[in-house]
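Predicted model, so just to flag it, every value in this text is computed and none were measured.
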Amino acid sequence: MAESLKIKVTIAGRVYPLRVKNENEEEGMRKAANKINDLVTKFEQNYAVSDKQDVLAMCALQFASLIEINAINKEEDLNKAIEKMNKLNVLIDEHLNK
């Protein structure tokens, strides 16, 4: 089994030790931590928030909603593509049956 890497990331002023499988996972974790910290700073500047937990909850909601919105959009796009393919199949069938 490959050995995991030990890293530390800082989120909202607190340090979290983590284990990652490889350099790609490390890079992803660090980028995610940076995005969270940027969003924390944005929320603290734009809203009267007295508790870091509230800011982190707002960050979690922001990121989770983006994932859900993207999933909804992908499903809609897939449904549109399937509908177009079905119409194309009908046209091809009509043409071949002439």
Atom [atom1] in [X], atom [atom2] in [Y]: separation rounded to 0.5 Å?
{"X": "Asp93", "Y": "Leu88", "atom1": "CG", "atom2": "CG", "value": "9.5 Å"}
{"X": "Leu39", "Y": "Asn34", "atom1": "CG", "atom2": "CG", "value": "12.5 Å"}
{"X": "Leu18", "Y": "Lys6", "atom1": "CG", "atom2": "NZ", "value": "12.5 Å"}
{"X": "Leu56", "Y": "Asp51", "atom1": "CG", "atom2": "CG", "value": "8.5 Å"}

So, do [X] and [Y] sit near enough that their side-chain heavy atoms are less than 4.5 Å apart?
{"X": "Val9", "Y": "Val15", "result": "no"}
{"X": "Glu25", "Y": "Asn22", "result": "yes"}
{"X": "Glu27", "Y": "Glu23", "result": "no"}
{"X": "Leu78", "Y": "Ile82", "result": "yes"}

Is Glu83 paired with Lys87 through a side-chain N to carboxylate O contact shorter than 4.0 Å?
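A salt bridge links Lys87 with Glu83.
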State whether Glu26 and Arg30 are salt-bridged, where the test is any N-O pair (Lys NZ or Arg NE/NH1/NH2 against Asp/Glu carboxylate O) under 4.0 Å.
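Salt bridge flag = yes for Arg30 with Glu26.
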Hey, quick one: are Tyr47 and Val55 part of the same hydrophobic cluster, counting side-chain heavy atoms closer than 4.5 Å, chains of contacts allowed?
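In one cluster with Tyr47: Val55, yes.
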If the test is side-chain contact (heavy atoms from CB on, under 4.5 Å), which one of Asp38, Val40, Asn46 qualifies with Lys42?
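So, applying the side-chain contact (heavy atoms from CB on, under 4.5 Å) to Lys42 and each of Asp38, Val40, Asn46, only Asn46 qualifies.
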State, to 0.1 Å, how close Arg19 and Ser4 come at their nearest heavy-atom pair, and which atoms those are.
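Nearest pair, atom of Arg19 first, then Ser4: NH1-OG, 3.4 Å.
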Would you tabulate the side-chain donor-acceptor contacts of residues 58-72 under 3.5 Å, counting partners in other chains and residues two or more places apart, or write 'none'?
residue	atom	partner	partner atom	Å
Ser65	OG	Leu61	O	3.0
Ser65	OG	Gln62	O	2.9
Asn70	ND2	Leu66	O	3.3

